[in-house]
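First up is the structure itself, then whatever we jot down about it.
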Amino acid sequence: MAAYGVRKQPLYDQLVDILTEKIDHEFRPGDLMPSERELSERYGLSRTTVRLALQELERLGLVVRQHGRGTFVADRSAQTTNLMQTYSFTEQMRELGRVPETTILEFAEMEADKNLAEHMHTKIGDKLFKLKRLRSADGMPLMVERTYLPVRKFLSLKRPQLESKSLYDIIENDYHEKIRVAEEEFFASIARPADARLLDISENSPVLDLVRTTFNVSNEIVEYTLSVARADQFKYKVYHQRME
């Protein structure tokens, strides 16, 4: 690694890049990674630098470190959330054996601007609830959600309800708004500074931007949500069926 002195990137960052490449193309889920000593000798780096790199790989969900056994390549197919399923963050995390947590960052009433009025099929100035939440699993922040709800549909909605129940439980059971369908679009993007801080990732890291519009049986919009999800923790499966 003699050439690395020329580059400004920290040594442990360079090792993270090298090992990420190997994890993606050479190793398989469950493989035992080389030990700290082996990596230190192979790349001419201090044990401290190697340890920092492995800690970063663990934070990114690429490896699992088991005390007394070593560091293993993580099975990311089991960790990532399949967004194609009927969407419930809490239920999906529990199915994956992860501990879900939702932190309400903001809950306030606002007036619809031109953009929101257009997307929610309402009028400029109509009252909306804005709900901003951070979704985490096992202490790792995964997704920032900004949800808009028409106040006229949920007049008595208060923050304690949102802290104790799922949003869809509140929509359907507390306010008797039967959900008919939810449309969702997603596209690749890069993390903006505010979202990057909340998600504990670097600015310009890859993320998935998701737009979800939920309709009731009367074809009225009861929820409009803009989400930013860590690209390393989510996947989207699409099934194509050939029609006869």
Side-chain angles (χ1 to χ4, degrees), residues 8-10 12-13 16-17 20 52 55-62 76 79-81 83 87-90 92-93 98-120 122 124-151 154 157-163 166-168 170 182-214 221 223-236:
K8 293 182 179 179
Q9 188 183 17
Y12 85 88
D13 252 4
V16 167
D17 288 346
T20 298
L52 283 171
Q55 287 172 355
E56 178 66 7
L57 290 173
E58 183 178 34
R59 191 184 71 80
L60 293 170
L62 299 178
R76 282 178 283 168
Q79 292 178 337
T80 53
T81 301
L83 294 174
Y87 187 73
S88 167
F89 178 87
T90 300
Q92 288 196 356
M93 288 301 118
R98 306 180 76 174
V99 179
E101 181 183 359
T102 297
T103 305
I104 297 178
L105 304 174
E106 181 184 347
F107 177 62
E109 194 174 303
M110 62 174 289
E111 294 184 355
D113 58 17
K114 182 180 179 181
N115 181 54
L116 285 170
E118 186 176 311
H119 281 99
M120 296 187 69
T122 187
I124 295 174
D126 278 2
K127 298 291 186 182
L128 302 175
F129 285 123
K130 179 185 178 182
L131 171 62
K132 182 178 178 181
R133 297 181 292 179
L134 177 64
R135 306 290 208 146
S136 307
D138 298 336
M140 177 189 289
L142 301 182
M143 177 187 287
V144 180
E145 289 185 338
R146 295 168 179 86
T147 296
Y148 301 91
L149 306 163
V151 168
F154 309 102
L157 184 61
K158 296 289 187 290
R159 186 178 181 130
Q161 285 173 275
L162 296 162
E163 290 174 332
S166 77
L167 180 59
Y168 291 134
I170 291 170
E183 295 178 355
E184 193 161 65
E185 300 176 51
F186 73 103
F187 48 93
S189 185
I190 56 174
R192 294 171 285 280
D195 291 329
R197 284 193 295 273
L198 288 170
L199 293 171
D200 194 23
I201 55 178
S202 303
E203 287 181 32
N204 299 327
S205 292
V207 292
L208 284 175
D209 279 0
L210 300 109
V211 180
R212 186 168 66 250
T213 308
T214 305
I221 294 173
E223 177 215 9
Y224 177 63
T225 294
L226 307 172
S227 302
V228 179
R230 287 179 53 153
D232 62 339
Q233 293 294 314
F234 289 85
K235 65 182 177 182
Y236 213 109

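Fair warning: this is a prediction, and the values are worked out from it, not measured in the lab.
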Output the distance between atom CG (Leu62) and atom CG (Leu57), rounded to the nearest 0.5 Å. 5.5 Å
Can you confirm whether Leu128 sits close enough to Tyr224 that some side-chain heavy atom of one is under 4.5 Å from a side-chain heavy atom of the other? no
Salt bridge (charged side-chain N to carboxylate O under 4.0 Å, His left out) with Lys132: which residues, sequence neighbours excluded? none
Evaluate the side-chain proximity of Leu167 to Arg133: yes if any heavy-atom separation is below 4.5 Å, no if none is. yes
Can you tell if the side chain of Leu199 reaches within under 4.5 Å of the side chain of Val144, non-hydrogen atoms only? yes
Donor-acceptor contact below 3.5 Å, side chain Arg159 vs main chain Ile104: yes
Not counting sequence neighbours, which residues clear side-chain contact (heavy atoms from CB on, under 4.5 Å) with Arg197? List them please. Pro193, Ala194
Side chain proximity check, Glu56 to Thr20, heavy atoms < 4.5 angstrom: no
Looking at Phe129 and Phe107, what are the two nearest heavy atoms and their distance? CD2-CZ, 3.7 Å
Drop me the distance from Ser227's OG to Leu142's CG, to the nearest 0.5 angstrom. 12.0 Å
Set of side-chain contact (heavy atoms from CB on, under 4.5 Å) partners for Thr122, sequence neighbours left out: Ala112, Ala117, Met120, Asp126
May I ask you to test the Leu210-Glu184 pair for a side-chain heavy-atom distance under 4.5 Å? yes
Is there side-chain contact between Leu105 and Leu198, with heavy atoms separated by less than 4.5 Å? yes
Is the closest side-chain heavy-atom distance between Met110 and Leu116 below 4.5 Å? yes
Quick one: pull up CG in Leu162 and CG in Leu149 and give me the separation to the nearest 0.5 Å. 8.0 Å
Can a donor-acceptor pair be found, under 3.5 Å and without considering hydrogens, that links the side chain of Asp138 to the backbone of Val99? yes
From OH (Tyr148) to CG (Leu226), nearest 0.5 Å: 6.0 Å
Does a side chain donor of either Thr225 or Glu223 reach within less than 3.5 Å of an acceptor in the other side chain? yes
Nearest-0.5 Å distance that lies between atom OH in Tyr168 and atom OG1 in Thr214: 4.0 Å
Under the salt bridge (charged side-chain N to carboxylate O under 4.0 Å, His left out) definition, can you give me all pairs with a residue in residues 108-119, not counting sequence neighbours? Glu111-Lys127
Go through the steps for Val207 and Ile201 under the test side-chain contact (heavy atoms from CB on, under 4.5 Å), then give the verdict. CA-CA 10 Å; Val207 292; Ile201 55 178; 3.9 Å; yes
Could you tell me which residues satisfy side-chain contact (heavy atoms from CB on, under 4.5 Å) with Asp200, sequence neighbours excluded, listed by chain and number? Arg59, Pro141
So do Arg212 and Glu145 actually touch side chain to side chain, heavy atoms under 4.5 Å? yes
Across all chains, not counting sequence neighbours, the side-chain contact (heavy atoms from CB on, under 4.5 Å) partners of Pro160 are Lys158
